[in-house]
*Asks:* 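Mind having a look at this structure? Questions to follow.
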Amino acid sequence: MNDQLSWVLDDVLTVRGARHAILVSADGLLMERSKGIERDDAEKNAAAMSSMQSLSRAVAPFVGGGDGTWKQTLIEYDGGWIFLIAAGSGAYLAASAALDVDMETMSFRMQKQVAALGKAMTSPVRHDAGADA
């Protein structure tokens with residue numbers, strides 16, 4: 001695991017009912033996983049989440065109105081929920097949760113972490129490269 005990104009997942013998992021979280025690249029590669037999910041399972045789910053976001057983007061115009069931009073996918077299963085949101089350019093944050101999770105809190109926490117991740121991964125413009133011209 002990349003300990004530099006684990007803080008993104010750890011905070012999402014503090015929501016009561018949250019189970020697992022993964023950070024996925026747009027091409028379906030696992031970037032980070034929470035401690036409670038095995039690497040093989042995380043990689044399989046990363047590939048699936050990449051496909052899921054692609055399908056979600058494809059059907060975005062179906063909702064009508066607005067510009068049809070995809071923001072979040074939420075899927076309910078017998079055993080719980082999957083949340084999937086964009087996490088910057090070419091990355092997605094996915095989390096699974098129990099049926100009784102507070103959906104608003106979970107969604108808010110994920111969006112908060114995505115915003116923090118974007119700031120952490122953006123380097124400030126260097127005005128002085130350290131060399132005299």
Side-chain angles (χ1 to χ4, degrees):
M1 289 197 323
N2 179 352
D3 291 333
Q4 294 177 0
L5 296 176
S6 64
W7 60 270
V8 174
L9 306 180
D10 292 343
D11 190 63
V12 168
L13 294 180
T14 62
V15 175
R16 188 181 58 78
R19 292 180 176 152
H20 306 293
I22 56 175
L23 195 57
V24 181
S25 70
D27 56 358
L29 298 177
L30 178 66
M31 298 170 68
E32 181 63 88
R33 64 187 166 97
S34 59
K35 294 176 181 105
I37 185 170
E38 295 295 324
R39 182 163 196 77
D40 287 346
D41 288 338
E43 287 177 349
K44 177 181 72 173
N45 283 291
M49 294 301 164
S50 176
S51 296
M52 191 178 297
Q53 69 78 27
S54 181
L55 288 170
S56 296
R57 287 180 191 279
V59 298
F62 183 67
V63 300
D67 63 3
T69 302
W70 171 79
K71 297 190 185 252
Q72 176 175 304
T73 299
L74 179 63
I75 301 174
E76 181 181 12
Y77 294 89
D78 285 340
W81 297 92
I82 289 178
F83 295 78
L84 177 64
I85 66 171
S89 180
Y92 307 97
L93 176 60
S96 65
L99 282 172
D100 64 349
V101 71
D102 182 328
M103 294 170 63
E104 183 178 2
T105 300
M106 187 70 170
S107 184
F108 175 77
R109 184 68 54 90
M110 289 177 72
Q111 292 188 26
K112 178 181 148 196
Q113 288 307 101
V114 163
L117 178 65
K119 288 177 186 171
M121 296 191 70
T122 301
S123 297
V125 176
R126 289 179 50 178
H127 296 287
D128 178 11
D132 293 327

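Along the sequence shown, the residues carry numbers beginning at 1. Worth saying up front: this structure is predicted, and the values here are computed from it rather than measured.
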*Asks:* Check R19 against A97 and note the closest heavy-atom contact, atom names and distance.
*Replies:*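 The answer is NH1-O, 3.9 Å.
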
*Asks:* In chain order, what residues pass the side-chain contact (heavy atoms from CB on, under 4.5 Å) check against I75, with sequence neighbours excluded?
*Replies:*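 So I75 forms a side-chain contact (heavy atoms from CB on, under 4.5 Å) with M52, T73, Y77.
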
*Asks:* What salt bridge (Lys or Arg N to Asp or Glu O under 4.0 Å) pairs are there with at least one residue in residues 88-103, not counting sequence neighbours?
*Replies:*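 For residues 88-103, and leaving out neighbouring residues, the salt bridge (Lys or Arg N to Asp or Glu O under 4.0 Å) pairs sorted by first residue read R16-D100.
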
*Asks:* So which atom in W81 and which in E76 form the shortest heavy-atom distance, rounded to 0.1 Å?
*Replies:*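 So the minimum-distance heavy-atom pair works out to CZ3-CB, 3.2 Å.
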
*Asks:* Holding to side-chain hydrogen bond (donor to acceptor under 3.5 Å, both in side chains), I want the full list of residues that pass it with E43, two or more places apart in sequence or in another chain.
*Replies:* R39

*Asks:* Of all residues at least two apart in sequence or in a different chain, which pass the ring-ring contact (aromatic ring centres under 6.0 Å, His included) check with W70?
*Replies:* Y92

*Asks:* Minimum heavy-atom separation for H20 and S34, please, with both atom names.
*Replies:* CA-OG, 3.6 Å

*Asks:* Can you give me the closest heavy-atom contact between M49 and L84, atom names plus distance?
*Replies:*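 Scanning both residues, the minimum pair turns out to be O-CD2, 3.6 Å.
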
*Asks:* Which heavy-atom pair separates S96 from M106 by the least distance, and what is that distance?
*Replies:*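 For S96 versus M106, the nearest heavy atoms are O-CE, 4.3 Å.
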
*Asks:* Does any non-hydrogen side-chain atom of D10 lie less than 4.5 Å from one of K35?
*Replies:* yes

*Asks:* As a quick check of understanding, evaluate side-chain contact (heavy atoms from CB on, under 4.5 Å) for Q72 and Q111, giving each step before the final call.
*Replies:* CA-CA 10 Å; Q72 176 175 304; Q111 292 188 26; 3.4 Å; yes

*Asks:* Mind running side-chain contact (heavy atoms from CB on, under 4.5 Å) on N45 and I82 for me, showing each step along the way?
*Replies:* CA-CA 11 Å; N45 283 291; I82 289 178; 5.9 Å; no

*Asks:* Atom CD of Q53 and atom CG of L93: how far apart are they, to the nearest 0.5 Å?
*Replies:*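 Q53 CD to L93 CG: 13.0 Å, rounded to 0.5 Å.
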
*Asks:* Once salt bridge (charged side-chain N to carboxylate O under 4.0 Å, His left out) is applied, do any residues pair with R109, and if so which ones, sequence neighbours excluded?
*Replies:* D11

*Asks:* Just verifying a value: how many Å separate L74 CG and S56 OG, rounded to the nearest 0.5 Å?
*Replies:* 10.5 Å

*Asks:* In residues 21-30, what donor-acceptor pairs under 3.5 Å come from side-chain atoms, sequence neighbours left out?
*Replies:*
residue : atom : partner : partner atom : Å
S25     : OG   : D27     : OD1          : 2.3
S25     : OG   : L29     : N            : 3.0
S25     : OG   : L29     : O            : 3.3

*Asks:* Do you know which two heavy atoms are closest between A95 and V12, and how far apart they sit?
*Replies:* CB-CG1, 4.1 Å

